[in-house]
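Structure record follows, encoded as structure tokens.
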Amino acid sequence: MKKIIVCDNMHNEVFNILNKADGIEVIDATSNTKEELASMLENADVAITRSPTPVNEAFLKNAKNIKAVVRAGVGVDNVDIDASSKQGVIIMNVPTANTIAAVELTMTHILSAARELPAINQQLKYENIWDRKSWYGVELKGKKLGVIGFGHIGSRVATRAKAFEMDIVAFDPYIAPSKVTSLDMTYTTNFDDILDCDFITIHTPKTKETINMITKDEIAKMKDGVRVINVARGGLLNENDLYDGLKSGKIKFAGIDVFNEEPCPNHKLFELPNVNVSPHLGANTLESQKRIAQQAADAAIQAAKGINYPNALNLPIKEDEIPEMVKPFIELTQKLGFLAAQTNKGMVKKIELCVDGEISKYANSLITFALVGALKESLGENINYVNAKFLAKDKDIEVKINTKEVSSSYKNLVSIKLATPQKSVTISGTIYDEEIQRIVKIDNFVLDVEPKGKMIIFKNKDIPGVVAKVSTILANNNINIADFRLGRGKDDALAVVVVDDNISKEIMNEVESLDFCIWASYVSI
Ligand code: 3PG
């Protein structure tokens with residue numbers, strides 16, 4: 001049974017789905033304290049979390065067996081992705097299930113900031129004052145809306161605001177400008193253009209780059225009477241500077257859903273009449289919570305069973321982004337790494353991946369698979385696609401990538417050179433006809449053999465009788481030879497003997513002690 005722990009409160013659909021899944025045991029930690037959660041994490045294979053549970057060093061230390069974490073929401077600012085990767089933990093999120101909820105809350109805040117509705121409601125309903133003189137809001141029509149971050153949420157806020165006849169100015173250095181201009185909106189790379197807007201709304205993740213993106217300096221450059229909305233993350237807009245801006249009247253109104261520290265039941269901003277606040281409700285609609293719960297549960301089940309990792313954030317290459325032609329090279333690269341490590345046993349000092357041909361564009365992704373293959377021999381199950389680079393670094397292994405766009409002899413060629421203090425071995429392979437894998441070179445010896453099954457690889461002086469003597473040793477030990485491939489150099493040669501049965505240490509000793517043998521290795525894949 002695989003164990004999935006649900007750490008935070010969420011829509012009951014998560015339990016409906018998890019409880020029905022075969023081979024899954026559910027641990028419900030939603031009503032437990034954080035101290036209790038710490039000990040409950042120990043046996044879990046997968047955790048589902050929301051923003052109240054940070055996935056940090058302490059969490060990872062307690063979650064000794066955890067293979068994956070599903071962040072049931074978008075924001076991963078409370079997830080230490082590097083520490084997770086180091087521990088081999090795959091992090092997934094549910095990136096789009098709450099988009100509309102966040103978009104509509106933003107629109108609610110924009111409209112409320114224009115008309116100050118919550119304060120009016122408060123006055124009439126709770127103070128019984130019928131006042132029609134004090135409340136002159138502004139119209140959205142014809143106003144400029146500055147949208148910072150034009151992703152799923154920001155872009156949809158922009159299209160809705162455009163329906164209100166606002167002029168949209170978008171700032172997002174990570175998108176193609178046409179994404180904005182094709183909607184008849186203005187794209188800018190100059191942040192001052194945003195500060196010149198009547199309304200400003202933030203839709204970026206919280207990163208080192210975005211924290212404090214609006215402070216007193218930016219506020220000073222804003223239009224007098226600007227209205228500012230933050231439904232993204234606390235800390236993007238400096239809270240103290242926002243307070244001063246609101247108090248002085250420079251900022252006419254703010255709508256704030258997120259805070260530096262959450263939960264945040266008290267804050268000096270709450271004393272001000274010109275701010276509307278909500279307690280981080282961006283994702284809180286019934287529809288979005290149900291969608292998040294469904295998608296989080298499905299992802300957790302797939303991850304627990306090792307089937308798939310939807311929306312994984314720390315895998316080397318996303319499954320759905322891998323072009324078909326690259327897929328066979330992923331497998332080949334891992335096999336070449338595995339073979340190189342078995343051929344050249346010992347403390348790995350350097351791994352060099354050379355990728356020639358069209359496939360060279362993917363060298364940065366392939367290196368992970370080369371490392372997993374090469375280090376599997378020494379690290380076993382401890383190495384995976386998430387932690388491979390970290391473990392190589394930890395072990396002081398020099399990792400190099402070389403690429404050539406044009407491969408001279410083959411359309412595409414992947415080579416792995418693995419060096420130990422004793423020697424270095426290079427194994428090269430290619431793919432024929434889109435799926436036939438072949439080792440085409442070992443060191444400088446050209447040959448052609450499928451990377452499959454049990455093989456003896458040996459280098460020898462090129463003298464008569466080599467094949468006969470090796471075959472005799474194998475025949476004497478009742479080992480059937482399935483294939484015998486040779487590559488020749490100037491004075492020496494290299495052979496790959498594919499065999500049907502396991503080769504014992506004793507048989508290898510016999511082969512190694514033949515006087516023409518320079519080195520011999522037994523590999524199996
Ligand atoms: C998110 O990042 O998805 C939202 O901020 C909501 O997060 P929460 O529902 O986990 O608090």
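One-based numbering, in listed order, for ligands and for the atoms of each.
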Closer than 4.0 angstrom, basic N to acidic O: yes or no for [X] and [Y]?
X      : Y      : answer
Lys34  : Asp8   : yes
Glu331 : Lys335 : yes
Lys268 : Glu271 : no

*Less than 3.5 Å between some nitrogen or oxygen of Ala283 and one of ligand 1, yes or no?*
no

*Report the member of Arg50, Met10, Glu262, Arg71 with the shortest heavy-atom distance to atom 1 (C) of ligand 1.*
Arg71

_Member of Thr186, Asp196, Asp167 meeting the side-chain hydrogen bond (donor to acceptor under 3.5 Å, both in side chains) criterion with Lys144_ = Asp196

If we ignore angles and hydrogens, is there a donor and acceptor under 3.5 Å between the side chains of [X] and [Y]?
X      : Y      : answer
Thr201 : His109 : no
Asn402 : Glu352 : yes
Asn311 : Asn93  : no

Could you check [atom] against the protein and tell me its nearest heavy-atom contact, residue, atom and distance included?
atom                   : value
atom 4 (C) of ligand 1 : His280 NE2, 3.6 Å
atom 3 (O) of ligand 1 : Val74 N, 2.7 Å
atom 8 (P) of ligand 1 : Ser51 OG, 3.3 Å

Within ligand 1, which atoms have a heavy atom of [X] less than 4.0 Å away?
X      : answer
Arg233 : 1 (C), 2 (O), 5 (O)
Gly75  : 1 (C), 2 (O), 3 (O)
Gly73  : 3 (O)

*For ligand 1, does Asn98 get within less than 4.0 Å through its side chain, its backbone, both, or neither, judged by non-hydrogen atoms?*
side chain

